[in-house]
Amino acid sequence: MRRYLVQTFGCQMNVHDSRRIEEVLRGAGYAPAEGPSTADLLLFNTCSVREKAEQKLRSAVGTYKHLKAQRPELVVAVAGCVAQQEGERLLKRMPYLDVVIGPDNIPELPELVEHIRAGGPPVARTVFDEGSPRFLVARPRTDAREVTSFVTVMKGCDERCTYCIVPYTRGSERYRAADEIVSEVSGLVEGGVREVTLLGQTVNSWHPGEKESHRTPSSFARLLRRVAQEVPGLRRLRYTSPHPRHLNDALIAAHADLPVLPRHLHLPVQSGSDRLLKRMLRRYTVAEYVERVTALQAAVPGLTLSTDMIVGFPGETDADFEATLELVRQVGFVSLFGFKYSPRPYTPALKLADDVPEEVKDARLQALFALVESQQSAHLQALVGTRQQ
Ligand code: SAH
Ligand code: SF4
Ligand code: F3S
């Protein structure tokens with residue numbers, strides 16, 4: 001029996017893809033390898049959202065180079081966003097790679113591995129399924145060990161924030177049919193899953209049809225209501241990542257009405273400066289963000305928020321960063337993912353000089369983390385002695 005080893009580098013979407021990759025392989029008769037030395041297929045599922053993606057991949061693949069020398073029949077594959085972004089070019093730069101495969105081509109993996117094992121040349125398959133999007137369904141669980149699961153509701157991203165590579169590595173937005181989503185959640189819950197996280201790059205822009213005319217502001221809220229109603233066994237329903245501009249009244253009302261939604265939302269803001277939000281093409285102002293989360297917290301008392309923040313975006317001044325800290329205080333985020341801006345290939349922000357010195361980026365990130373940690377401790381302290389689910 002063939003054995004595989006999958007190593008994952010990226011976001012939840014990437015983790016989820018790794019699961020689907022493993023399912024496709026198991027469906028083709030593979031079993032998981034105990035370690036690299038017993039694997040017939042080594043697959044690296046990559047991320048390119050921040051710097052050094054390719055270096056990380058090189059060093060990971062480099063660790064196993066000796067295995068390839070010992071066993072030429074070992075197949076080495078790269079999947080995920082670096083694969084999608086570089087395609088054929090990656091094969092040229094990394095001669096010991098056999099297969100480069102994009103996120104939409106996962107079902108073709110076993111076939112490509114056979115092609116290599118039959119002596120075929122290295123191959124790259126990175127074609128988006130824009131015309132007829134496919135969503136790989138999670139198989140019903142046979143072991144009840146896992147109580148949480150991801151379910152994809154949309155893929156791709158049309159926002160084009162100027163710093164971000166995701167629209168290039170994941171293509172344009174494609175939405176999954178509501179029936180399929182509900183039936184996947186329901187199947188998982190029957191298999192023992194208690195918490196589901198709906199996944200999408202701008203998950204709350206979900207709507208049921210391909211056409212712009214099918215889009216109504218309440219589509220995503222209606223999807224949440226449908227899942228809650230049709231899968232009563234589900235104990236908690238999360239979603240990530242929402243875009244602030246789609247946090248509309250219908251969604252806020254769903255939060256107020258549905259106990260299955262947690263009293264927490266991760267809502268990436270990226271900066272507390274309007275000047276920078278504009279340069280990032282985030283399509284909202286600080287005031288609009290604050291207004292939306294205030295309305296949400298009014299509808300769901302006790303709801304906490306976390307966010308993503310980028311420091312050192314081109315042109316970020318001390319005053320801009322001060323505004324970011326001010327927003328963190330004002331909203332009272334209890335947790336935060338902070339990143340130093342890193343210029344990415346193909347993105348519009350490349351035209352702007354990466355002009356904030358590395359030491360300044362470091363210092364700002366540290367200041368941001370220190371502030372959030374203090375808010376988090378205060379929040380946790382306030383919960384001491386209470387009973388929480
Ligand atoms: N679609 C999600 C996640 C995008 S990637 C969203 O829009 O929220 C996750 C995070 O990585 C982003 O929220 C952003 O904070 C960060 N990020 C993306 N590109 C980056 C870059 N070029 N440099 C630094 N951080 C970046
Ligand atoms: Fe990237 Fe912006 Fe799309 Fe998020 S919304 S994936 S940050 S382009
Ligand atoms: Fe995710 Fe990284 Fe791709 S964040 S979408 S794996 S670039």
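Excluded from the calculations below are hydrogen atoms, water molecules and symmetry mates; all remaining heavy atoms, backbone and side chain alike, are included. Atoms within a ligand are numbered from 1 in the order they appear, just like the ligands themselves. For this chain, numbers begin at 1 and follow the sequence in order.
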Practice problem: Would you please indicate if the ring centroids of Y239 and H255 are separated by under 6.0 Å? | Solution: yes
Quiz item: Are the aromatic rings of F220 and H246 close, with centres under 6.0 Å apart?
Solution: no
Starting from [atom], what is the nearest protein heavy atom, named by residue and atom, and what distance separates them?
{"atom": "atom 5 (S) of ligand 3", "value": "Q201 NE2, 3.2 Å"}
{"atom": "atom 5 (S) of ligand 1", "value": "V49 CG2, 3.8 Å"}
{"atom": "atom 8 (O) of ligand 1", "value": "P268 CG, 3.1 Å"}
{"atom": "atom 15 (O) of ligand 1", "value": "Q270 OE1, 2.7 Å"}
{"atom": "atom 8 (S) of ligand 2", "value": "C161 N, 3.3 Å"}
{"atom": "atom 3 (Fe) of ligand 3", "value": "C81 SG, 2.2 Å"}
{"atom": "atom 7 (S) of ligand 2", "value": "Y163 OH, 3.3 Å"}
{"atom": "atom 3 (C) of ligand 1", "value": "Q201 OE1, 3.8 Å"}
{"atom": "atom 24 (C) of ligand 1", "value": "K340 O, 3.4 Å"}
{"atom": "atom 1 (Fe) of ligand 2", "value": "C164 SG, 2.3 Å"}
{"atom": "atom 19 (N) of ligand 1", "value": "Y163 CD1, 3.3 Å"}
{"atom": "atom 6 (S) of ligand 3", "value": "N14 ND2, 3.5 Å"}
{"atom": "atom 2 (Fe) of ligand 3", "value": "C47 SG, 2.3 Å"}
{"atom": "atom 25 (N) of ligand 1", "value": "F339 CB, 3.5 Å"}
{"atom": "atom 10 (C) of ligand 1", "value": "D308 OD2, 3.5 Å"}

Please could you name the atoms of ligand 2 that [X] approaches to less than 4.0 Å, counting only its heavy atoms?
{"X": "T202", "value": "5 (S)"}
{"X": "P167", "value": "8 (S)"}
{"X": "E159", "value": "3 (Fe), 5 (S)"}
{"X": "C157", "value": "3 (Fe), 5 (S), 6 (S), 8 (S)"}
{"X": "Q201", "value": "6 (S)"}

Quiz item: Is any N, O or S atom of C11 under 2.8 Å away from atom 1 (Fe) of ligand 3?
Solution: yes
Side-chain ion pair, [X] and [Y], N-O less than 4.0 Å:
{"X": "E114", "Y": "R117", "value": "no"}
{"X": "R170", "Y": "D17", "value": "yes"}
{"X": "E146", "Y": "R19", "value": "yes"}
{"X": "R245", "Y": "E288", "value": "no"}
{"X": "E159", "Y": "R283", "value": "yes"}
{"X": "E51", "Y": "R344", "value": "no"}

Parallel, tilted or perpendicular: which one describes the rings of [X] and [Y], with boundaries at 30° and 60°?
{"X": "H243", "Y": "Y284", "value": "perpendicular"}
{"X": "Y30", "Y": "Y4", "value": "tilted"}
{"X": "F313", "Y": "Y163", "value": "perpendicular"}

May I ask whether [X] has any heavy atom positioned less than 4.0 angstrom from an atom of ligand 3?
{"X": "S48", "value": "yes"}
{"X": "R170", "value": "yes"}
{"X": "Q12", "value": "no"}

Quiz item: Are a donor atom and an acceptor atom from the side chains of E173 and T202 found within less than 3.5 Å of each other?
Solution: yes
Quiz item: Is the closest side-chain donor-acceptor distance between Q85 and Y168 under 3.5 Å?
Solution: no
If you round to the nearest 0.5 Å, how far is [atom2] of [Y] from [atom1] of [X]?
{"X": "L305", "Y": "L296", "atom1": "CG", "atom2": "CG", "value": "6.5 Å"}
{"X": "R160", "Y": "R282", "atom1": "CZ", "atom2": "CZ", "value": "14.5 Å"}
{"X": "T307", "Y": "F337", "atom1": "OG1", "atom2": "CZ", "value": "10.5 Å"}
{"X": "E316", "Y": "R275", "atom1": "CD", "atom2": "CZ", "value": "9.0 Å"}

Quiz prompt | Contact check, R170 vs ligand 2, heavy-atom distance below 4.0 Å | solution = no
Practice problem: May I ask you to check if R50 and F339 form a cation-pi contact, with NZ or CZ under 6.0 angstrom from the six-membered ring centre and within 45° of the axis? | Solution: yes
Quiz item: Taking the six-membered ring of Y341, is the NZ or CZ of K361 close enough (under 6.0 Å from the centre) and on axis enough (within 45°)?
Solution: no
Do any nitrogen or oxygen atoms of [X] lie less than 3.5 angstrom from nitrogen or oxygen atoms of ligand 1?
{"X": "R50", "value": "yes"}
{"X": "S342", "value": "yes"}
{"X": "R344", "value": "no"}

Quiz item: Heavy-atom contacts under 4.0 Å between R160 and ligand 2: side chain, backbone, both, or neither?
Solution: backbone
Practice problem: Give the single entry among V166, D308, D158 that approaches atom 6 (S) of ligand 2 most closely by any heavy atom. | Solution: V166
Quiz item: Heavy-atom distance to atom 7 (O) of ligand 1: which of H243, E159, R282 wins?
Solution: R282
Quiz item: Can you list the atoms of ligand 1 that are under 4.0 Å from a heavy atom of S241?
Solution: 2 (C), 6 (C), 8 (O)
Quiz item: Any heavy atom of I310 sitting closer than 4.0 Å to ligand 1?
Solution: yes
